[in-house]
Amino acid sequence: MQLYMKQKVFSWKDKFSIMDASGSDKYYVEGKMISLGKKLRIFDMAGNELAFVNQKLVSLMPKFSVEINGQEVAVIKKKVSFLKPKYFIEGPGWEVQGDFLSHDYQITENGNTIVAISKKWMAWGDTFELSVIDESREVLAVAVVLAIDAVMDAQGR
């Protein structure tokens with residue numbers, strides 16, 4: 001399934017629309033305007049919260065947790081690396097590989113792609129295309145991509 005995540009350009013807080021291939025809104029992501037650390041909530045179009053992405057502040061390197069139904073299901077950590085960024089995902093056993101600086105990377109499990117991410121460069125605001133292979137893990141995949149994007153934004157990438 002193709003999803004398109006578009007960050008609003010002029011906004012006082014983080015806002016993302018996530019649309020399906022036909023351009024219809026599928027999810028809505030909203031962050032807190034004033035908080036310690038980045039906090040993002042993913043909602044369906046009926047307003048039900050599906051996932052919560054929360055930055056862990058007491059950490060040497062950037063670290064985010066993902067909660068679904070009030071339970072932590074993944075922790076995304078940035079690894080120390082001198083040449084290019086590396087991320088580790090605890091919980092689902094996923095690996096992240098690709099070119100983060102170009103926003104072109106994949107999240108895999110045992111060598112199988114869960115989601116492939118690419119940035120649309122000629123778009124107003126940051127727009128990402130997510131090719132989700134396993135639709136049963138779609139919300140978790142979106143939450144992990146949001147956490148990785150938050151780390152890159154915080155570091156000016």
Side-chain angles (χ1 to χ4, degrees), residues 1-8 11-80 85-98 100 103 105-117 119 125-155 157:
M1 166 164 281
Q2 298 297 111
L3 295 175
Y4 298 90
M5 182 169 67
K6 183 169 182 64
Q7 182 177 11
K8 295 188 190 244
S11 175
W12 291 105
K13 58 184 176 178
D14 291 318
K15 289 185 179 180
F16 298 88
S17 294
I18 300 176
M19 298 160 282
D20 61 18
S22 69
S24 299
D25 288 340
K26 185 162 186 181
Y27 303 114
Y28 183 74
V29 180
E30 190 170 304
K32 287 212 171 239
M33 186 165 56
I34 299 173
S35 69
L36 292 175
K38 181 136 343 227
K39 297 178 186 334
L40 301 169
R41 296 185 185 279
I42 303 171
F43 298 95
D44 65 14
M45 296 317 295
N48 301 307
E49 183 176 320
L50 303 176
F52 176 52
V53 179
N54 184 29
Q55 182 177 9
K56 303 285 188 176
L57 294 177
V58 184
S59 178
L60 180 61
M61 296 298 290
K63 182 175 169 180
F64 286 80
S65 69
V66 175
E67 294 178 14
I68 295 178
N69 297 323
Q71 297 206 340
E72 186 175 88
V73 295
V75 175
I76 299 89
K77 298 178 183 179
K78 183 167 189 242
K79 293 182 182 180
V80 177
K86 292 187 180 191
Y87 299 89
F88 179 73
I89 304 170
E90 291 178 356
W94 294 356
E95 296 180 11
V96 186
Q97 28 188 282
F100 298 102
H103 298 275
Y105 59 97
Q106 303 80 37
I107 298 173
T108 62
E109 179 180 47
N110 300 323
N112 298 316
T113 301
I114 301 293
V115 59
I117 299 90
K119 183 172 183 176
D126 286 340
T127 303
F128 300 92
E129 180 180 72
L130 287 68
S131 298
V132 181
I133 308 306
D134 185 351
E135 290 182 36
S136 69
R137 299 188 199 177
E138 186 174 87
V139 172
L140 179 56
V142 167
V144 169
V145 170
L146 285 171
I148 292 171
D149 185 59
V151 172
M152 288 192 284
D153 278 352
Q155 297 180 334
R157 300 199 168 159

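Bear in mind that the values here come from a model prediction, so they are computed numbers and not experimental data.
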**Complete:** Residue set satisfying side chain to side chain donor-acceptor pair (under 3.5 Å) with Asn48, at least two apart, ordered chain then number -> Asp44
With a 3.5 Å cut-off and sequence neighbours excluded, list the donor-acceptor pairs that the side chains of residues 67-74 form with protein atoms.
none

**Asked** How long is the span from the NZ atom in Lys39 to the OG atom in Ser65, to the nearest 0.5 Å?
**Response** 8.5 Å
**Request:** Please report the closest heavy-atom contact between Gln106 and Gly98, naming both atoms and the distance.
**Result:** OE1-CA, 4.4 Å
**Message:** Return the CH2 to CZ distance between Trp94 and Phe88, rounded to the nearest 0.5 Å.
**Reply:** 13.5 Å
**Request:** For residues Gly111 and Thr108, report the shortest heavy-atom separation together with the two atoms involved.
**Result:** C-CB, 4.4 Å
**Complete:** Value for CD1 (Ile76) from CD (Gln55), rounded to nearest 0.5 Å, stands at 11.5 Å
**Request:** Search all heavy atoms of Ala21 against all heavy atoms of Tyr4 and return the closest pair with its distance.
**Result:** CA-CE1, 3.9 Å
**Prompt:** If we only count heavy atoms from C-beta on, is the Glu30 to Arg41 side-chain gap below 4.5 Å?
**Reply:** no
**CE on Met19 to CD on Gln2, rounded to 0.5 Å** = 12.5 Å
**Request:** State, with a plain yes or no, whether a side-chain heavy atom of Val53 is found less than 4.5 Å away from one of Lys38.
**Result:** no
**Item:** Beyond-backbone contact of Phe64 with Leu40, side-chain heavy atoms, under 4.5 angstrom
**Value:** no
For residues 132-147, dump all side-chain donor-acceptor pairs below 3.5 Å to protein atoms at least two apart in sequence or in another chain.
residue: Asp134; atom: OD1; partner: Ser136; partner atom: N; Å: 3.1
residue: Asp134; atom: OD1; partner: Ser136; partner atom: OG; Å: 2.6
residue: Asp134; atom: OD2; partner: Arg137; partner atom: NE; Å: 3.3
residue: Arg137; atom: NH1; partner: Glu109; partner atom: OE1; Å: 2.7
residue: Arg137; atom: NH1; partner: Glu109; partner atom: OE2; Å: 3.4
residue: Arg137; atom: NH2; partner: Glu109; partner atom: OE1; Å: 3.0
residue: Glu138; atom: OE1; partner: Lys26; partner atom: NZ; Å: 2.9
residue: Glu138; atom: OE1; partner: Tyr27; partner atom: OH; Å: 2.4

**Prompt:** For the atom pair CD1 (Ile148) and CD1 (Ile117), what is the distance rounded to the nearest 0.5 Å?
**Reply:** 6.5 Å
**Asked** Atom CG of Asn110 and atom CD of Glu95: how far apart are they, to the nearest 0.5 Å?
**Response** 8.0 Å
